[in-house]
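Scope of the values below: all heavy atoms of this structure, side chains included, with no hydrogens, waters or symmetry mates.
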Amino acid sequence: MTKLFEDNKSSEQSEQFTALKISTWLVSYMSDLLEIEPDEVDVETTFARFGLDSSAAVILTGDLGTWLGKEIEPTVMYDYPTIAKLAEYVAEES
């Protein structure tokens, strides 16, 4: 393994996933999913209002978990039903 690769791996593992970073990722994700501009995604709007159903919740939390490098249960979207609330919860758990 090269020194550069080891340094990159180390910095990735120590990266802090703040609520802002997670929220930004979620806004981008929702923007792509809904085919709208990121500034049209309100972080206080519920996922249900965006039209996400349980299958979309499974996919979103799976993709978010992959990005974060940890498993996220799809049911958290019911406990934290907005981008802002979900991002804050996930950041606290990271």
Side-chain angles (χ1 to χ4, degrees):
M1 194 178 303
T2 67
K3 175 76 172 136
L4 178 60
F5 179 76
E6 289 173 354
D7 289 345
N8 285 339
K9 186 175 179 184
S10 174
S11 68
E12 286 175 10
Q13 290 174 343
S14 64
E15 180 178 359
Q16 290 293 321
F17 289 105
T18 64
L20 179 60
K21 280 185 183 179
I22 295 166
S23 178
T24 300
W25 186 92
L26 287 165
V27 165
S28 177
Y29 187 95
M30 294 297 293
S31 170
D32 288 345
L33 180 68
L34 301 172
E35 298 179 351
I36 59 176
E37 293 298 316
D39 62 352
E40 295 178 61
V41 179
D42 181 0
V43 298
E44 297 297 336
T45 298
T46 64
F47 293 111
R49 185 136 174 115
F50 282 122
L52 269 65
D53 58 13
S54 58
S55 61
V58 169
I59 294 167
L60 185 149
T61 54
D63 290 345
L64 178 60
T66 299
W67 178 67
L68 294 170
K70 65 184 229 171
E71 186 173 338
I72 298 176
E73 293 295 324
T75 56
V76 300
M77 290 182 63
Y78 297 104
D79 296 329
Y80 305 94
T82 67
I83 289 173
K85 289 179 182 176
L86 180 60
E88 190 171 314
Y89 166 76
V90 171
E92 289 174 2
E93 295 297 309
S94 293

**Criterion side-chain contact (heavy atoms from CB on, under 4.5 Å) on I59 and Y29, from CA distance to verdict** = CA-CA 11 Å; I59 294 167; Y29 187 95; 3.5 Å; yes
Interatomic spacing from [atom1] in [X] to [atom2] in [Y] - rounded to 0.5 Å:
{"X": "I22", "Y": "E92", "atom1": "CD1", "atom2": "CD", "answer": "10.0 Å"}
{"X": "L33", "Y": "F50", "atom1": "CG", "atom2": "CZ", "answer": "10.0 Å"}
{"X": "Y78", "Y": "T46", "atom1": "OH", "atom2": "OG1", "answer": "11.5 Å"}
{"X": "L60", "Y": "L86", "atom1": "CG", "atom2": "CG", "answer": "7.5 Å"}

Any non-hydrogen side-chain atom of [X] less than 4.5 Å from a side-chain atom of [Y]?
{"X": "T82", "Y": "V43", "value": "no"}
{"X": "L52", "Y": "M77", "value": "yes"}
{"X": "I83", "Y": "E44", "value": "no"}

**Request:** Please report the C-alpha distance between F47 and D53 in whole Å, then the side-chain angles of each, then the deciding distance to 0.1 Å, and finally whether the side-chain contact (heavy atoms from CB on, under 4.5 Å) criterion is met.
**Result:** CA-CA 8 Å; F47 293 111; D53 58 13; over 6 Å; no
Within the side chain of [X], is there an N or O that forms a donor-acceptor pair under 3.5 Å with the backbone of [Y]?
{"X": "E40", "Y": "E37", "value": "yes"}
{"X": "T61", "Y": "V58", "value": "yes"}
{"X": "T66", "Y": "G62", "value": "yes"}

**Prompt:** Going only through I, L, V, M, F, W and Y residues with side-chain contacts under 4.5 Å, is there a path from L26 to L20?
**Reply:** no
**Prompt:** What heavy-atom pair brings E93 and K70 nearest, and what distance separates the two atoms?
**Reply:** O-NZ, 3.2 Å
**Asked** Can you name the closest pair of heavy atoms from A19 and A87 and give their distance?
**Response** O-CB, 3.5 Å
**Asked** Ring centroid separation for W67 and F17, is it under 6.0 angstrom?
**Response** yes
